[in-house]
Amino acid sequence: MSQRKAVALISGGLDSMLAAKVIQDQGIHVEGINFYTGFCVEGHTHAIRKKDKIKPKRNNALWTAEQLGIKLHIVDIIEEYKDIVLNPKHGYGAHLNPCLDCKIFMVSKAKQWIAENNFDFIITGEVIGQRPMSQRRETMPIVSRESGADDLLLRPLCAKNLPETRPELEGWVKRDGLHDFSGRTRKPQMALAESFGFKDYAQPAGGCCFLTDEAYSDKLADLWEARGKRQYELDDIMLLKVGRHIRPKSNFKLIVAREEGEARFLEGYKKTYAHMSPESHRGPLTLIDGEVSEEDLILAAQITARYSQGREADQVTVKVVQNGEVKQLDVTPMPAHKLPTEWHV
Ligand code: SF4
């Protein structure tokens with residue numbers, strides 16, 4: 001019999017790494033698949049912000065694959081994923097995270113992938129009860145069924161708590177070598193990691209993407225409201241990960257760099273957005289998203305000045321670039337207590 005082949009959904013977190021290892025150890029050929037939605041936490045904010053310099057700049061999915069010695073397929077699903085974020089059939093979690101629809105979608109893409117690549121089954125690092133929305137006893141069969149993967153979806157970390165799947169029934173893998181983890185505790189995973197000699201691994205707090213973050217979801221909802229339609233492009237969701245986002249009035253929003261790394265990143269958007277930065281003092285680059293009047297520009301300049309080294313000065317000169325025209329505005333920095341609320345992640 002030829003060696004059986006499984007594709008593992010690799011998020012970069014510990015669970016998917018363990019699930020792949022458990023199956024690898026049963027003599028199955030495992031390859032990884034990682035879906036890029038644009039909302040992924042990794043390899044972006046940490047790479048941009050100077051203060052996060054100590055954090056490793058690695059892409060955890062690639063790093064996981066390297067640890068396991070498996071090939072990793074990174075699949076861009078940005079366009080198709082929009083419908084999942086905008087119209088989740090099963091609704092959202094605590095924020096704008098459509099976790100259940102997302103899981104179903106990713107497993108369905110993996111199902112398509114195994115058919116095209118001649119693989120036998122799919123594995124995920126799901127654990128019953130681990131996550132409130134997508135990883136519950138009731139949702140496990142929903143993911144299997146609605147993705148079309150059915151009994152070709154094996155969850156090695158909690159398989160013993162679930163009905164037998166085809167890989168077990170056919171004897172491709174031994175049920176005895178699978179696990180019965182459940183609940184929110186991470187202890188069994190940590191013990192298993194220890195037994196495999198995995199010491200350094202990523203431990204995502206809320207989830208694998210920014211949609212589980214409250215401030216991020218608020219900014220996305222605000223973007224939809226301001227534009228009058230629920231829609232986004234990749235640049236929009238990238239910018240939501242960077243800087244202070246401040247909406248002084250309903251017609252415009254400011255994105256103010258918090259530090260050098262962010263300023264460099266925002267520089268890349270100077271052609272698309274009107275922007276400003278203090279000239280008389282050191283201070284941040286601010287992008288302006290929306291149609292603004294002269295009066296709005298003064299307000300924006302006062303806020304930008306507030307975040308500059310001239311925050312206590314009587315006057316700060318701010319350079320404004322709008323539609324190719326350059327001008328200077330002399331403004332008094334906005335007092336701290338008058339600053340509109342800001343969001344940042
Ligand atoms: S946290 Fe994000 S990537 Fe993970 S399942 Fe939920 S929506 Fe999908």
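We count ligands from 1, going down the list as the structure has it; atoms in each ligand are counted the same way. Being a predicted model, the structure only gives us computed values, none of them experimental.
Numbered from 1 in the order shown, with element, the atoms of ligand 1 that lie under 4.0 Å from a heavy atom of Pro98 read 7 (S). Remark: ligand 1 atoms within the under-4.0 Å shell around heavy atoms of Thr212 are 1 (S).
At a cut-off of 2.8 Å, Cys102 coordinates atom 8 (Fe) of ligand 1 through an N, O or S atom. Under 2.8 Å from atom 6 (Fe) of ligand 1 lies an N/O/S atom of Cys99, whether from backbone or side chain.
Here the shortest heavy-atom pairing between Val30 and Ile70 reads O-CG2, 3.2 Å. Residues Leu72 and Ile33 share a closest heavy-atom pair of CD1-N, 3.9 Å.
Note that CD of Glu295 and NZ of Lys249 are 5.0 Å apart. Values are rounded to the nearest 0.5 Å.
With a 4.5 Å cut-off on side-chain heavy atoms, Val320 and Glu325 do not count as touching.
At a heavy-atom cutoff of 4.0 Å, ligand 1 is contacted by the side chain of Tyr81 but not by its backbone. Under 4.0 Å from ligand 1, not a single heavy atom of Leu211 appears.
The distance between the ring centers of Tyr273 and His275 does not fall below 6.0 angstrom.
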